[in-house]
Structure formats: C-alpha cells, structure tokens
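What you are looking at is a predicted structure, and each value in this text was computed from that prediction instead of being measured.
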Amino acid sequence: MPNSPQENPDVPQDTPVEDSVDTRHHRRPLSYVRRTARLTAGQQRAWDTRRHRYLIEVPREHRDMSVHPDWQLDPAAEFGRTAPLVLEIGTGLGECVVHAAATHPERDHLAVEVYRPGVAQTIVRAGHAGADPAVAGGDPGHELDNLRIMQVDAAELLGHGLPEASLDELWVFFPDPWPKKRHHKRRLVTPAFAELAARAIKPGGRWRLATDWAEYGEVMLEVLDAAEGFRNAHGPGRRAPRFEGRVMTSFERKGLNAGRSVTDLEYVRL
C-alpha cells in the first residue's frame, strides 16, 4: 500500500504536486504530497453514495489533512463496541485492510489514506467483500461494520487524534521510500514517528512493517531497534517472516516482478 501516487501508477493524476512541508506550524516535512485526481465512474458512485458508512469526518486545524488538537477519536463510540483495534497507515487501494476486516470480524480496522481515489476504491472493495458469501454471508446490502477510513496526517492522528494505548496493532506496509537522498527527510519511519507510535500502541501490541526498498528496510530496522518502548519480536537486527495477514497486493506483485525483495519487520510495544 504505497503512500504516494508516484509509487502507484494505477492512481490517476491531473494536477501538480503541492508543497509537502507544513509551513504554518512546525515545518515538519510531510511523508506525502497533495494531489487532486480523477475518480473512475465506480469510485465516484461509491464516494457519492457510501462514503458516509466508512469515512470519519475529522475536524481540521490548519491543513486539509490535519487533525484538530481538541478532537480525539472514540473507537468504542465509532464502532459501537469494544474490540481489538488495528490501524493501517497508507492503505492504498484497500486490498489489505478490506480483506483483513472481512475475514476478521472480531477486530475493528482503521484505514488511513490521504488520496481520494484510494479511499473511494477501498469503499468499492468493502462493498464487494460485503457481498462475498465466503466472508460476509453473501448479502449484497451488507457493509463491513468493522471498517472505517480516515483522510488524515498519520503523525497527527498518532500524536493526539487517538487515545493513548488504544491500538492493538499498527501496520505500515510499503510506505513511500522517497529514494532520493534530498527527500529522505520525508520518510514516514523516523525516530520521531516511532515515539508517536509508542504513544498509541498498547503494551504488548504489535507494529508490523514492510517495504520493497532494501535501503529503506535497513533504515527502518536501525530506527526501530533503537526506539525506546519497542522490542524486535525476532531479535535485534532480525527481519520477520512475511506477515500472513498481509495479502499479496498488486503493488507488492509489481515490485516482486521487478526483482525487488520485501523486508518484513515486527515490533512489540513494551
């Protein structure tokens, strides 16, 4: 699930990239760029008719993806129950999170994606999964009640938009590697981001990551092995086996076909 359309040619684009640095507040380089993009006809229908079932409207402070500091999600109120909570950051076209929500109805799933086509396609997929007799009883009108989507800056969500120690798992699969050295400051996985993740994940919770960019995988491993509050589930410096809960997406398949290998990592919140 790439965090940027530059890594996902399936997402249509029609406008220039906006400045990805927050200049009104602390000038933190953002891990995404803002683009507007066309929706397909099916995505537009899903957006117009069903986004109210899935998309959480978040009050903003200063940017369209910001999370107002006075607002905080109440997961029990949002989902109507108390259940294990999984957050996926950079859900892309929704392949992984929809499959997870459909096959694990005992868990609640939050999907964070800043690009509207990705959000709309996730809603489309949720409808298909709801009508699949193998996962949801085959009712064409069924919705995945344990799935919600948010268009927000993930750092702000982890920093103050979620209650402390509210996540059972955090997933960061195939974030934009920002391969050019001058763009490394925009990478999502940093020591500062690890501090935010530690705030939101409950003790004993898991942080699962994957990347098909080898150099970024080494950086992730170094950053998280050194992060206070986390333990490498497979030992210092060790990679994890492929997470069985991560379905093979079109993005991952393209990377493998291009000869790139995938680095999986797994950390436990202390």
Side-chain angles (χ1 to χ4, degrees), residues 1-18 20 30 32-68 71 73-75 77-81 85-103 105 108-154 156-157 161 247 249-251:
M1 276 55 70
N3 274 351
S4 169
Q6 68 180 336
E7 293 295 318
N8 188 351
D10 297 328
V11 176
Q13 304 165 37
D14 59 0
T15 61
V17 178
E18 296 179 6
S20 63
L30 303 181
Y32 57 90
V33 291
R34 295 294 299 130
R35 291 182 173 93
T36 57
R38 298 180 301 273
L39 302 183
T40 67
Q43 289 171 346
Q44 189 66 59
R45 284 194 300 272
W47 181 265
D48 292 340
T49 62
R50 295 170 54 235
R51 74 175 183 272
H52 67 282
R53 294 294 302 267
Y54 294 103
L55 187 62
I56 297 174
E57 296 295 337
V58 178
R60 312 298 183 181
E61 182 185 21
H62 52 89
R63 290 180 290 105
D64 56 356
M65 293 296 118
S66 67
V67 179
H68 197 281
W71 179 86
L73 178 70
D74 182 343
E78 181 62 43
F79 289 98
R81 65 176 184 175
L85 183 61
V86 178
L87 168 64
E88 183 183 23
I89 294 174
T91 198
L93 300 178
E95 293 158 289
C96 186
V97 74
V98 168
H99 179 269
T103 55
D108 291 331
H109 294 262
L110 279 174
V112 168
E113 177 55 56
V114 298
Y115 303 107
R116 183 173 294 189
V119 173
Q121 188 60 36
T122 300
I123 296 171
V124 171
R125 289 184 187 279
H128 293 165
D132 186 345
V135 297
D139 179 2
H142 181 83
E143 300 286 352
L144 296 181
D145 293 332
N146 62 333
L147 173 65
R148 299 291 186 275
I149 308 168
M150 305 178 77
Q151 282 189 284
V152 295
D153 183 325
E156 295 193 17
L157 180 65
V247 299
T249 65
S250 56
F251 176 80

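- The CG atom of Leu144 sits 11.0 Å away from atom OG1 of Thr122, with the distance rounded to the nearest 0.5 Å.
- Using a 4.5 Å cut-off on side-chain heavy atoms (C-beta onward), Phe251 and Leu93 make no contact.
- Listed here is the closest heavy atom pair of Val247 and Cys96: CG2-CA, 3.7 Å.
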Query - Evaluation steps, side chain to side chain contact (heavy atoms under 4.5 Å, CB included), between Leu157 and Ile89 - result: CA-CA 10 Å; Leu157 180 65; Ile89 294 174; over 6 Å; no
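- The shortest heavy-atom contact between Val124 and Gly42 is CG2-O, 3.8 Å.
- When all heavy atoms of Ala129 and Ala102 are compared, the pair lying nearest together is CB-CB, 4.0 Å.
- Here Glu57 contributes atom CD and His52 contributes atom NE2; the two are 11.5 Å apart, rounded to the nearest 0.5 Å.
- The side-chain heavy atoms of Glu143 and Tyr54, taken from C-beta on, include a pair separated by under 4.5 Å.
- Checking each of Leu73, Val152, Asp153 against Val67 for a side chain to side chain contact (heavy atoms under 4.5 Å, CB included) leaves exactly one that passes, namely Val152.
- Under the 4.5 Å side-chain criterion, counting only non-hydrogen atoms from C-beta, Gln121 is in contact with Arg125.
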Requested in this report: Could you walk me through whether Met150 and Val119 pass the side chain to side chain contact (heavy atoms under 4.5 Å, CB included) test, one step at a time?
Outcome: CA-CA 8 Å; Met150 305 178 77; Val119 173; over 6 Å; no
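- Applying the 6.0 Å contact sphere to CZ of Arg45 captures no more than 12 heavy atoms from other residues, nucleotides or ligands.
- Side-chain contact between Gln43 and Ile123 is absent, with no heavy atoms from C-beta onward closer than 4.5 Å.
- For Arg148 (side chain) and Leu110 (main-chain N/O), no donor-acceptor pair under 3.5 Å exists by modelled atom type.
- A distance of 8.0 Å separates CZ in Arg116 from CD in Gln44, rounded to the nearest 0.5 Å.
- Using a 4.5 Å cut-off on side-chain heavy atoms (C-beta onward), Asp108 and Arg81 make contact.
- Between the CZ atom in Arg63 and the CD atom in Glu61 there is a gap of 9.0 Å [rounded to 0.5 Å].
- Here the NE2-CD distance, from His62 to Glu156, works out to 4.5 Å after rounding to the nearest 0.5 Å.
- Remark: His109 NE2 to Leu87 CG distance equals 11.0 Å, nearest 0.5 Å.
- Minimum interatomic distance between Ser66 and Val58 (heavy atoms only, all atoms of both residues): O-CG1, 4.3 Å.
- At least one donor-acceptor pair under 3.5 Å links the side chain of Glu113 to the backbone N or O of Gly92.
- Between Asn146 and Ala101, the shortest heavy-atom distance links the atoms ND2-O, 2.9 Å.
- The heavy-atom pair separating Trp71 from Gly161 by the smallest distance is CZ3-O, 3.8 Å.
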